[in-house]
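Worksheet: the structure to be examined is printed underneath.
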Amino acid sequence: MPELPELEVLRRGLEDEVIGKTVSDAIVNKQPCVNPKPPAYQKAMVGAKITAARRNGKIVLLDLDNGHTLLLHLGLGGRIVLRDSLLHDPDQAQIVIAFQDGSALHAERLMFGNIHVLPTDKLNADPRIGNAGPDALDELPAAAQLRDIYGKRKSALKALLLDQSALSGIGNMYSNEILHRARLHPQTLGAQLSDAELQRLHDAIHDALTAAIADGGASETNFTDLHGNKGRHLEHLRVHGRAGEACPECGTTIKELRVSGRPTFICPRCQRKKPVRRRKK
DNA sequence: CAATCGTCCTGCGGGC
DNA sequence: TGCCCGCAGGACGATT
């Protein structure tokens, strides 16, 4: 499933390729994917020029010059590619946004993904924007501020990293990579974290996301950039999906477990559970 | 099943 | 000590 790094790769592609283009047609092959429903969807889109490509967590935002903004949400395994022409199998895509210059964005294989159009000044009405915490890349708070976000909570770090209202953009794969880089066990409680551990967590978040973006993202399922490139980060993952392989730090066999109901990969040596503090008499 | 959001329920702490 | 309220966190359902 695409997470923050993959969406940043997509955003950069959109910034390079579609800013200034004017929408000539908005085709919907799969109704549940768009909001509002046609024909209101087309009314908000057709004739509008794209002015900016932004990202908020896992949501990519395309601003239009008519006061609306397009929210792109890839969901579990979708991708968005730029085709040379509308004639290129438009029925294969769930959604096609065609431009006056003959190019077109095709949204394909969106699972739980969708495209919404909202007035730009009402973006907060969408909970994925309005309830989102700071972006884990662009707005990552310093370690000391992370205590306000994670350090007071009595949930497992695994669940906290996945909580989009705490920090936005981290999903299951990068939560595994971050916890390994930070040498923290996923069941560590937020409130148990020392200052040094919060610093490690901060650095791990930054480093894991930045490294993935530099690799063009990781394509676990169907993600590609605008041109169909999958990205090279899958082969650089340290623990995610690597149960039975050797930890790149210490060689110990990587183990899979479930934490907060999610597949979780750890090195049992690098990521030891904090001892449960005995209650004093 | 996948990931996320919304809803519902429980349990805990604080205030009185 | 006991009760109520509010909130945090966990479970569960809906979504495609």
Side-chain angles (χ1 to χ4, degrees), chain A residues 1-8 10 27-38 41 55-61 71-80 91-96 106-116 118 123-136 147-179 186-193 208-209 212 217-224 234 237 240-241 243 256-265 276 279:
Chain A
M1 81 256 65
E3 303 178 30
L4 187 153
E6 288 73 41
L7 287 146
E8 177 61 15
L10 174 65
I27 300 166
V28 177
N29 291 324
K30 207 174 172 196
Q31 292 266 352
C33 293
V34 298
N35 193 296
K37 301 260 173 279
Y41 169 73
R55 183 186 54 75
N56 199 316
K58 303 182 198 178
I59 307 280
V60 170
L61 303 157
L71 285 77
L72 308 177
H73 180 206
L74 294 192
L76 290 190
R79 68 171 187 171
I80 292 178
D91 291 341
Q92 295 290 79
Q94 287 147 347
I95 296 158
V96 176
H106 288 221
E108 302 171 349
R109 288 171 264 178
L110 302 182
M111 208 202 279
F112 292 160
N114 49 60
I115 294 184
H116 290 194
L118 281 176
L123 284 180
N124 280 337
D126 188 307
R128 295 167 300 177
I129 302 292
N131 297 340
D135 185 82
R147 184 169 293 290
D148 297 333
I149 295 175
Y150 290 142
K152 295 173 177 168
R153 295 183 56 181
K154 294 185 184 116
S155 300
L157 259 187
K158 174 79 179 179
L160 294 179
L161 286 170
L162 295 172
D163 179 354
Q164 304 298 298
S165 68
L167 283 190
S168 60
I170 299 166
N172 194 42
M173 181 169 75
Y174 289 104
S175 75
N176 288 328
E177 295 295 296
I178 288 165
L179 288 166
Q187 285 172 331
T188 311
L189 304 185
Q192 285 181 293
L193 294 172
L209 299 179
S219 187
E220 233 193 341
T221 47
N222 290 319
F223 174 81
T224 67
L234 205 53
L237 294 176
H240 181 83
E256 176 172 3
L257 48 154
R258 285 189 95 82
V259 179
S260 304
R262 312 296 296 285
T264 302
F265 298 86
V276 179
R279 190 195 296 166

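Only a predicted model underlies this, so the values are computations on that prediction, with no experimental measurement involved. Below, chain A is the first sequence line, B the second, and so on; all start at residue 1.
OP1 or OP2 of C:dG10 lies within a sub-4.0 Å distance of a side-chain N or O belonging to A:Ser155. Distances shorter than 4.0 Å separate some side-chain N or O of A:Arg262 from OP1 or OP2 on B:dA3. When the side-chain nitrogen and oxygen atoms of A:Arg128 are compared with OP1 and OP2 of B:dC5, none of them lie within a distance under 4.0 Å.
Considering only the side chain of A:Met111, B:dA2 comes nearest among B:dA3, B:dG6, B:dA2. Of the candidates B:dG6, B:dA3, C:dT16, B:dA3 carries the atom nearest the A:Leu76 side chain, counting heavy atoms from C-beta on.
Here the P atom of nucleotide C:dT16 and the CD1 atom of A:Ile115 are 15 Å apart, to the nearest Å. As rounded to whole Å, 20 Å separates atom P of C:dT16 from atom CD of A:Glu108. Residue A:Asn35 contributes atom CG, which lies 14 Å from atom P of C:dT15 at whole-angstrom precision. Nucleotide B:dA2 holds its C1' atom 15 Å from the CG atom of A:Leu74, rounded to whole Å. In this structure, A:Asn222 atom CG and B:dC1 atom P are separated by 20 Å, rounded to whole Å. Following rounding to the nearest Å, A:Met173 (CE) and B:dA2 (P) show an atom-to-atom distance of 16 Å. Remark: P of C:dG10 and NZ of A:Lys158 are 15 Å apart, rounded to the nearest angstrom. Going from atom CG of A:Asp163 over to atom C1' of C:dG10 covers 13 Å, rounded to whole Å.
Each of A:Arg258 and A:Pro127 was assigned the nucleotide of DNA chain B with the nearest heavy atom; the assignment lying further toward the 5' end belongs to A:Arg258.
By the 4.5 Å heavy-atom criterion applied to side chains, A:Tyr150 and A:Asp163 are not counted as neighbours. Contact of the A:Leu161 side chain with the A:Ile178 side chain is registered, since non-hydrogen atoms from C-beta on lie closer than 4.5 Å.
Heavy atoms only, all atoms of each residue included: A:Gly78 and A:Pro2 are closest at O-CG, 4.3 Å.
Judged by centroid separation below 5.5 Å and plane tilt below 30°, A:Phe112 stacks onto the base of B:dA3.
For the residue pair A:Tyr41 / A:Gln31, no side-chain donor-acceptor distance below 3.5 Å is found, with atom types taken as modelled. Side-chain atoms of A:Asn222 and A:Arg109 form a donor-acceptor pair, as typed in the model, at a separation below 3.5 Å.
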